[in-house]
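Okay, so here's the structure we're looking at.
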Amino acid sequence: MTKRITIAIDGPAGAGKSTLARRIAAKLGYVYVDSGAMYRAVALWALRANVALSDMHRLEQLANAAHIEFAPGGGAVLLNDEDVTSAIRTPEVSQAASEVSLVPAVRRALVQKQREIGEQVSIVMEGRDIGTVVFPDATVKIFLDAIPEERATRRANEVALPPEIVERQIRERDQRDRGRAESPLVQAPDAVYVDTTGLGIEEVEAVILKIIRDRTSNGRERTQ
Ligand code: DC
């Protein structure tokens, strides 16, 4: 007998969550869900609509109204049917996403959308609160981490900015993500901590796949 599997991958920016979650989902045939992209999509909409990031009521309305979809294969992100895959990756949107994610009503709206996806199919979902809040009963929980310098170097390569600037941005975002009152970034007690510092993608992937296999049987939940 098989059952829907939920793999939760949480951790700070630049820990490698997206790359790993996408690869693992592809390997196991599950749907990859980037929950950060949902916060980014709401932030993009707010910036475009000139909604102040302090206007909690309007932000809540946008989060509820946002129609966010992930194209199959873990590629494109659609906001209200528009492909916003690259528009949500600018430093401005990163900053705004971190701010809109502080708003409890925005979180409630997006958590509900995230749970709806997980109720239908087996998923690998990555974010900050997946194992703690969104899916406290996830089949497998991973907390992915690396030292800030290395996370900054990885991000700097992606966004073509000097590592010192990216490191400062990452430390600021870490502080906000870890320090917020609502669903702060924290390791779930039953999550497996994986430090990716100094490791390549393949090595981390092998570690995570082993953790998943140890808890499930070939990606299927054990029935006993
Ligand atoms: O993972 P990311 O950098 O794309 O996330 C963008 C922002 O959204 C980040 O500052 C933290 C926030 N976020 C969150 O609060 N909860 C999640 N589950 C995912 C992201």
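Order of appearance sets the numbers: ligands from 1, and atoms from 1 within every ligand. Hydrogens, waters and symmetry mates are skipped; everything else that's a heavy atom, side chains included, is used.
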Is Val77 close to Asp83 at the side-chain level, that is, under 4.5 Å between some pair of heavy atoms?
no

Please work out which of Pro184, Ala96, Gly36, Ser101 has its closest non-hydrogen atom nearest to atom 5 (O) of ligand 1.
Gly36

Residue, atom name and distance, where the atom is the protein heavy atom closest to atom 19 (C) of ligand 1
Ser35 OG, 3.4 Å

Are Met38 and Val121 linked, directly or through other ILVMFWY residues, by side chains that come within less than 4.5 angstrom of each other?
yes

Give the single entry among Arg107, Gln95, Gln114 that approaches atom 16 (N) of ligand 1 most closely by any heavy atom.
Arg107

pair Ile9-Ile130: side-chain heavy atoms closer than 4.5 Å:
no

Nearest non-hydrogen contact to atom 18 (N) of ligand 1 from the set Val42, Asp177, Asp129 belongs to Asp129

Within-4.5 Å side-chain heavy-atom neighbours: Glu164 and Gln169:
no

Atoms of ligand 1 under 4.0 Å from any heavy atom of Arg173, numbered from 1 in the order shown, are 3 (O), 6 (C), 7 (C), 9 (C), 10 (O)

Under 3.5 Å, N or O to N or O, is Arg180 touching ligand 1 that way?
yes

Just need the protein heavy atom nearest to atom 8 (O) of ligand 1, so name the residue and atom and give the distance.
Tyr39 CB, 3.6 Å

Salt bridge between Asp174 and Arg155, side-chain N to carboxylate O under 4.0 Å?
no

Below 4.0 Å from any atom of ligand 1, is there a heavy atom belonging to Arg176?
no

Which of these passes side-chain hydrogen bond (donor to acceptor under 3.5 Å, both in side chains) with Thr196: Arg154, Glu150, Arg151?
Arg154

Check ligand 1 against Ser98 and write out every atom of the ligand that is under 4.0 Å from a heavy-atom position of the residue.
10 (O)

Asp55: what forms a side chain to side chain contact (heavy atoms under 4.5 Å, CB included) with it, not counting sequence neighbours?
Val51, Ala52, His57, Arg58

Taking Ser98 as the fixed residue, which of Arg176, Arg180, Arg173 is the one that meets the side-chain hydrogen bond (donor to acceptor under 3.5 Å, both in side chains) rule?
Arg176

Show me which atoms of ligand 1 lie under 4.0 Å from any heavy atom of Gly127.
18 (N), 19 (C)

Distance to 0.1 Å, residue and atom name: give those for the protein heavy atom nearest to atom 4 (O) of ligand 1.
Arg40 NE, 2.6 Å

Arg128-ligand 1 polar pair, N/O distance under 3.5 Å
yes

